[in-house]
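Inspection log for the structure reproduced underneath, given as structure tokens.
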Amino acid sequence: MSSRVSILDNGRGMSDAELESAMRLGDRNPLEVRSLHDLGRFGMGLKTASLSQCRRLTVASIKEGVESCLRWDLDELAADPGGGWLLFEGPAHGSDSFINVPVQQKSGTLVLWEVMDRIVTPAYTSDNFHDLIDSVQSHLAMVFHRLLQGPRPKLTLFLNGRPIAPWDPFMAGHPAKPWASPITNHSTEYGVVSVQCHVLPHQDTLSGAEFKVSAGPNGWTAQQGFYVYRNERLLVAGGWLGLGTPRPWNREETHRLARIRLDIPNTADADWKIDIRKSKARPPVSLRPWLTLLAENTRERARRVFAYRGAPTPAKGNDPIEQAWRVDHLKSGIRYRIQETHPSVAAVLESAKSHASLIRSMLRVIEETVPVQRIWLDTVENKETPRTSFEGEPNAAVIEVARVLFDDLVERKGLSIEEARRSMARTEPFQKYPALVATLGNNK
């Protein structure tokens, strides 16, 4: 039980009176007018967050060269139940060496957690503790990412001496990102609420490392939805805030690329029902129609990118991509059809002549037996779409198929090598392999 956690800052520090106030439960009136940049509200965070993890909380602070130190110790309070809730001065016996603020600091505050019975439980190992360190790093990188990012960050965080890099849930600046809306503002009696909607890139347009990192601490599906910030500090990371018609939306795989940044002022806590943990928010009735409309648009855009695998990227000159499948929206429902104008399909039909009707019958059987439910179930269970476009296949497999189609374009249709390459470059899925397409016909 000798494990401990210490948090040290180089802020302005606290005097004796300020430290005693900070250590008192509920010392601040939540209705009191705050500074515009204040992140607190209830005067409970330091104490409740700490004592939910440990049985001994010690806080030492230096301000203008004067050091103060106070301690909550639940074991000592339990040993004297009639003595009341008393704050102790100074560190516990044997803990003096853990609360020393570096001598070079003229100001700052150190928070020390000891007797960590809620974390270090029976059978707890060092591996569990290292997993916890990784989880804490991911959480801090997400919650404070807007304060950590940029050439001149407002905040710098270190965990066991290593700097924490921000995790940007919106993938700002990524070249494959399909859409981000302008910032939209809505004035209220408590200040301005700002919203910016984002649709993230499809998995097919990301490297494996990018896809893993961008998923976030809880994964792609869980991280979709609204990101609610107050003074650039993240309060809510994902979810649809109870919005949706005719019933509240769930976090669904098809909308996992939708993320919406929402900023509220710190004067909005009561209207948004910000809880004491600052981890939940619920938009007021007056804003729900506006937010629902923005979310509906973002969700639909995200669904289209997800469903069409980012929509095949146009080749040079913005020529449309020849897609192998089309989607027909009929009164009877949605139908998936093989596109007969796709070069590979058209080549077979034109070459088949008297057998064309037989081939069309075969294509229709394929269309009518697309395993939609199986694909959907596998996608939900595996949290990713099934592989297509030769993903994971060796180059030889791609080359074999591409060369057959390329040769048909040259020999049967009479295209030149350059014309055939241009045709291949705008044919699904070969538009994803420009380097391979450029080598076709080199041996001719």
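Atom set for the values below is all heavy atoms of this structure, side chains included, hydrogens, waters and symmetry mates excluded.
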For atom [atom1] of [X], decide whether the heavy atoms of other residues, nucleotides or ligands shown that lie under 6.0 angstrom number more than 12.
X      : atom1 : value
Arg288 : CZ    : yes
Tyr336 : OH    : no
His355 : NE2   : no
Arg118 : CZ    : no
Gln373 : CD    : no

As an exercise, state the distance from [atom1] of [X] to [atom2] of [Y], rounded to the nearest 0.5 Å.
X      : Y      : atom1 : atom2 : value
Asp168 : Leu148 : CG    : CG    : 11.5 Å
His198 : Lys177 : NE2   : NZ    : 4.5 Å
Ser351 : Lys353 : OG    : NZ    : 8.0 Å

Are [X] and [Y] packed together at the side-chain level, in the sense that at least one heavy-atom pair is separated by less than 4.5 angstrom?
X      : Y      : result
Leu405 : Pro343 : yes
Arg304 : Val199 : no
Ile183 : Arg261 : yes
Leu262 : Trp272 : yes
Ser423 : Phe406 : no

Output yes when a side-chain donor or acceptor of [X] lies under 3.5 Å from a complementary backbone atom of [Y], and no otherwise.
X      : Y      : answer
Arg259 : Pro169 : yes
Arg303 : Thr254 : no
Thr267 : Tyr190 : yes
Asn218 : Gln223 : no
Arg230 : Ala268 : no
Trp167 : Ser138 : no

Could you tell me whether [X] and [Y] have a side-chain N and a carboxylate O separated by less than 4.0 Å?
X      : Y      : value
Arg412 : Glu350 : yes
Glu232 : Lys154 : yes
Asp407 : Arg403 : no
Arg301 : Glu296 : no
Arg360 : Glu340 : yes

What closest approach, in Å, do [X] and [Y] show between heavy atoms, and which atom pair accounts for it?
X      : Y      : value
Pro201 : Met171 : CD-SD, 3.6 Å
Phe306 : Leu257 : N-CD1, 4.1 Å
Ala258 : Thr298 : CB-CG2, 3.9 Å

| request: Assess whether salt bridge (charged side-chain N to carboxylate O under 4.0 Å, His left out) is satisfied between Arg4 and Glu114, documenting all intermediate values. | output: CA-CA 5 Å; Arg4 63 188 181 277; Glu114 298 175 286; over 6 Å; no
| query | Are Trp240 and Gln224 linked by a side-chain donor-acceptor pair shorter than 3.5 Å? | reply |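 The criterion, which ignores hydrogens and geometry beyond distance, is satisfied for Gln224 and Trp240.
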| message | Before we go on, tell me: are the rings of Tyr227 and Phe170 under 6.0 Å apart, centre to centre? | response |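 They qualify: ring centres under 6.0 Å apart.
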| request: Please lay out, stage by stage, how Trp249 and Arg299 fare under the test side chain to side chain contact (heavy atoms under 4.5 Å, CB included). | output: CA-CA 10 Å; Trp249 296 315; Arg299 282 164 56 89; 3.3 Å; yes
| field | Intermediate values then yes/no, side-chain hydrogen bond (donor to acceptor under 3.5 Å, both in side chains), His342 and Gln339 | value | CA-CA 6 Å; His342 187 278; Gln339 188 68 271; over 6 Å; no
| said: Using side-chain hydrogen bond (donor to acceptor under 3.5 Å, both in side chains), reason through Thr427 and Glu322 one step at a time and then give a plain yes or no. | reply: CA-CA 5 Å; Thr427 299; Glu322 293 282 359; over 6 Å; no
